[in-house]
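We're numbering straight along the sequence, starting at 1. In listed order, ligands and their atoms are each counted from 1.
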Amino acid sequence: MAEITGIYTASHTPVMLNFPDRIPAELKDEIFGAYKAMGDDFMSGKPDALIVLSNDHLHNFFLDNFPAYCIGCAESYESPIEHWLHAKRRVFAGDQAFGAYLLQEAYQADFDPSFSMEMVLDHGSLTPLELAGVDPDLPIVPVLINCVQPPMPTMRRSYALGQFLGRAIRAYEGVDRVAILATGGISHDIATPRMGMVNEEFDQTFLTLMEKGDIEGTLRYATDFVHTAGNGCEEIRMWMAAMGAADGAPFRRAYYRAVNDWYTGIGIGRFEV
Ligand SMILES: [Fe+2]
C-alpha cells in the first residue's frame with residue numbers, strides 16, 4: 001500500500017523560462033521562490049515516485065490521433081521536446097511498472113486511457129519540475145489529459161479519473177511513497193487576440209471554491225465558466241484530477257498572482273493529504 005505524500009497543483013508557461021525578465025525582478029524572484037518552496041515541501045515527503053498530471057501541447061499527439069487520457073509506461077522520458085525552450089535537456093527516470101499497473105487498473109475501473117512507451121515531455125511537465133528543483137532521478141509516471149484539442153474530456157470525468165488514480169495509487173504495492181504534481185492553467189490565452197489577458201476574477205473564484213472544499217461547486221464553475229478565462233484555462237482539468245485524487249482532503253492556496261506579461265494566472269496549491 002502506497003502513501004500519497006502530497007498532491008500539488010501549479011501553473012506552467014514556457015514564458016517563465018524563455019522570458020523570465022519580462023516582469024520586475026522582485027516579482028520573478030517571488031514566483032520562482034514559490035515554485036522552489038513547493039519543491040522543497042514536495043521533497044520533504046521523501047517520495048519514491050511522482051505522478052505528473054499534465055497535458056500535451058501538440059507534440060506527442062496530433063490531429064491524426066489525440067487521446068483524451070494517456071498514461072506513460074516508458075523506462076525514461078526525455079525533456080523538453082521543444083528545441084526552443086530555454087531549459088537544460090534532461091532525461092527523467094520512468095517507473096514503467098507503476099505506469100503499466102495504473103493502465104491495467106484503469107481498464108478494470110472502466111477507464112480507457114491510451115498508453116505510450118515513447119513519450120517525450122514538453123514544457124508543461126518540465127517547467128514546474130525545473131522550477132521546483134525536482135531530481136530527474138525520481139521515477140515518474142506522466143498522465144496526460146487532452147486540454148488543447150476539442151472535444152476535450154469533461155471536468156467531471158477528469159475529476160473521476162483523479163479519484164481512480166488516488167485509489168489505485170494507494171493500493172499499489174510497488175512503492176511506499178508517492179507524490180502527485182498536477183500542472184496547467186489557470187487563466188491564460190494562447191495564440192488568440194486575448195493573449196496576455198488574464199481573467200483574475202475567474203482564478204480567484206476558482207481557487208476560493210477549492211479552498212472551501214466545494215467539490216460540486218468547483219466542478220460546475222470550471223465547466224460553466226472556463227471559456228471566460230482563455231483557451232489555456234482548459235488545463236484546469238489537471239486540477240480537477242488532483243482534486244479527485246485528494247479524496248476530500250483540504251486544499252490550500254500557496255501562491256497566486258495574475259501575471260499578464262507572462263500571459264498567465266500563476267497559481268500554486270497543495271491538498272493536505
Ligand atoms: Fe500548457
>> Students often mix this up, so state it plainly: with edges at 30° and 60°, are the rings of Phe98 and Tyr101 parallel, tilted or perpendicular?
In response: tilted
>> Just checking Glu30: does its CD atom have more than 12 heavy atoms from other residues, nucleotides or ligands closer to it than 6.0 angstrom?
In response: yes
> Has His12 got an N, O or S atom lying less than 2.8 Å from the Fe ion (ligand 1)?
Replying inline: yes
> Closest to the Fe ion (ligand 1), which N/O/S atom of Glu235 is it?
Replying inline: OE2
>> Once rounded to the nearest 0.5 Å, what's the spacing between atom CD of Glu235 and atom OG1 of Thr13?
In response: 9.0 Å
> Backbone or side chain, does Cys147 get an N/O/S atom under 2.8 Å to the Fe ion (ligand 1)?
Replying inline: no
>> Which label fits Tyr221 and Phe202: parallel for a plane angle under 30°, tilted from 30 to 60°, or perpendicular past 60°?
In response: parallel
